[in-house]
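First the structure, in the form of structure tokens, and then the observations on it.
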Amino acid sequence: MNQPKKISLVFSVFNEKETLPALIHRVNQIIATLPFHFELIFIDDGSIDGSDQVIRGFSGHATPNVKIRLFSLSRNFGHEAAMIAGIDHASGDAVICMDADLQHPPEMIPEMIARFGEGNHIVTMIRSKNEGVSKRSAWFSRLFYRLINKTSAIRLQENASDFFLISQQVADILRNDFRERKRFLRGIIQTIGFPAVSLTYTAPARAAGKSKYSLFKLTTLSLNAITSFSKAPLYLGVWFGFFFALLSVILSLYSLWIYFFGVTPPSGYTTIILFLSISFSILFFLVGIIGIYVGYLFDEQKKRPIYIIKKTDSSENNPTTQI
């Protein structure tokens, strides 16, 4: 693969006013040493703390080799939608997605570009250590990857992050062919194919502010990932059906044995109540799983925009929607 001429850096921003000045300072220090043209694409995902104003103030950092672009979404569409918005509007030979909270160290950018120049279309970044999370969160992260790798035919890299590089060819595939409303982008790029390589990095603690991912949002992201890559939960009904069919046969044989050969026939009240309670609990659990999949199908069928651009600093001043 030839050396790239232009690199697009995509930053998803949601209430990161405090970290943005340090981010642009460190990024400028890095890219000033690299012989490429850069475009810095900031996707303001409905921030309410004035992050967009801070980004507009970065226009003074623009040079002939560095172009700064801001796309403000009409509301908060979520981190995944913001990354897709950035990829859709990136024009570089390679696209690097990263967060604006400085937990994705800009110092890794030169090595990522070097791996791209070696012929890799995808460079995934694996966290070797995350200094900004608790042991409990790290344990849940490991549990999530083990669960999805057990239930999916495709094995995902553990501790992969939303910090990655993709070629323009891979970006075109994401723009045209992977337009799910519920998506797990760090997983999708691992399923596309093409030459790929992984690098490890240490994620520092947040420089300011707090994580935007609550327990509810992390659970939702996990459900999106599992249902996007695996149909195994739908097969739980079959396995539970086999189990309860076997249990019913055993209980029937036991009841008949007691009836014909036992001294006192069992009343059966406790057994029946427990059996019905467990059966209906599992039944409603399985109905809930089916409901999640049906809900995702419903969202896809409506074909509503993944994101809506309210304002942009480029010549494209009209509001834009993307599906």
Side-chain angles (χ1 to χ4, degrees), residues 5-92 94-110 112-113 132 161-165 203-213 307-322:
K5 295 180 180 179
K6 183 178 181 180
I7 306 294
S8 298
L9 302 181
V10 173
F11 302 93
S12 56
V13 180
F14 180 56
N15 293 338
E16 298 291 354
K17 178 181 179 179
E18 296 178 343
T19 62
L20 285 169
L23 171 70
I24 195 68
H25 175 71
R26 286 172 59 179
V27 169
N28 276 331
Q29 284 186 321
I30 298 300
I31 64 179
T33 65
L34 300 174
F36 310 113
H37 290 276
F38 285 88
E39 65 172 354
L40 277 55
I41 300 176
F42 292 88
I43 306 297
D44 178 23
D45 189 22
S47 298
I48 58 174
D49 68 342
S51 294
D52 57 336
Q53 296 299 326
V54 175
I55 296 170
R56 289 189 180 94
F58 294 160
S59 58
H61 295 276
T63 67
N65 291 333
V66 180
K67 182 179 181 181
I68 298 176
R69 306 172 68 191
L70 168 63
F71 295 90
S72 298
L73 304 189
S74 61
R75 62 172 176 83
N76 178 248
F77 284 86
H79 183 250
E80 297 278 323
M83 286 194 293
I84 286 292
I87 292 171
D88 285 348
H89 291 87
S91 59
V95 182
I96 298 177
C97 288
M98 57 195 303
D99 293 344
D101 57 9
L102 289 175
Q103 288 192 293
H104 295 162
E107 289 74 17
M108 297 298 300
I109 291 174
M112 296 170 74
I113 297 174
S161 67
D162 291 320
F163 185 20
F164 56 80
L165 177 149
R206 289 180 59 89
K210 60 181 181 179
S211 174
K212 308 306 186 296
Y213 271 105
Y307 60 86
I308 300 174
I309 293 179
K310 176 181 64 175
K311 190 175 182 180
T312 176
D313 68 338
S314 69
S315 58
E316 301 169 357
N317 292 319
N318 295 324
T320 305
T321 62
Q322 273 293 329

Task: Heavy-atom check, side chain of Ile109 versus side chain of Ile7, under 4.5 Å - done: no
TODO: Can you measure from CD (Glu16) to CG (Leu102) and round to the nearest 0.5 angstrom?
DONE: 8.5 Å
Task: Gap separating the CZ atom of Phe58 from the CG atom of Leu23, nearest 0.5 angstrom - done: 7.0 Å
- [ ] Look at the side chain of Thr19 and the backbone N and O of Ala100, then say whether any donor-acceptor pair between them is shorter than 3.5 Å.
- [x] yes
- [ ] Let me see the working for His89 and Thr312 under side chain to side chain contact (heavy atoms under 4.5 Å, CB included), right down to the final yes or no.
- [x] CA-CA 11 Å; His89 291 87; Thr312 176; over 6 Å; no
Task: Sequence-distant partners of Phe11, ring pair (Phe, Tyr, Trp, His ring centres under 6.0 Å), two or more places apart - done: Phe42
Task: Student check: side-chain heavy atoms of Ser47 and Asp52 closer than 4.5 Å - done: no
- [ ] Step by step, work out the side chain to side chain contact (heavy atoms under 4.5 Å, CB included) result for Ile308 and Phe77.
- [x] CA-CA 8 Å; Ile308 300 174; Phe77 284 86; 3.9 Å; yes
Open item on the list: For His104 and Asp162, which I'm curious about, is there any donor-acceptor pair between the side chains at under 3.5 Å?
Closed with: no
- [ ] Kindly state each residue pair satisfying salt bridge (Lys or Arg N to Asp or Glu O under 4.0 Å) with at least one member in residues 20-32, sequence neighbours excluded.
- [x] Arg26-Glu107
Task: Atom pair CG/NZ of Leu73 and Lys310 - distance to nearest 0.5 Å - done: 9.0 Å
Task: Minimum heavy-atom distance between Val95 and Ala90, given as atom pair plus value - done: CG2-CB, 3.7 Å
Task: Minimum heavy-atom distance Val13-Ser51, with the two atoms named - done: CG1-CB, 3.9 Å
TODO: Scan residues 31-45 for pairs that pass salt bridge (Lys or Arg N to Asp or Glu O under 4.0 Å), counting only residues two or more places apart or in two chains.
DONE: Lys6-Glu39, Glu39-Arg69
- [ ] Can you see which heavy atom on Phe164 is nearest to which on Met112, and at what distance?
- [x] C-CE, 3.6 Å
Open item on the list: A side-chain contact here means heavy atoms from C-beta on lying under 4.5 Å apart; do Ile96 and Ile113 qualify?
Closed with: yes
Open item on the list: Distance check, rounded to the nearest 0.5 Å: Phe14 atom CZ versus Ile48 atom CD1?
Closed with: 6.5 Å
Task: Passing option when Ser12 is tested against His79, Met98, Glu80 for side-chain contact (heavy atoms from CB on, under 4.5 Å) - done: His79
- [ ] Starting at CD1 of Ile84, measure out to OH of Tyr307 and round the result to the nearest 0.5 Å.
- [x] 8.0 Å
Task: Considering all heavy atoms, the nearest Ile43-Ala82 contact - done: CG1-O, 3.5 Å
Task: Distance (rounded to the nearest 0.5 Å) between Leu40 CG and Ile24 CD1 - done: 5.0 Å
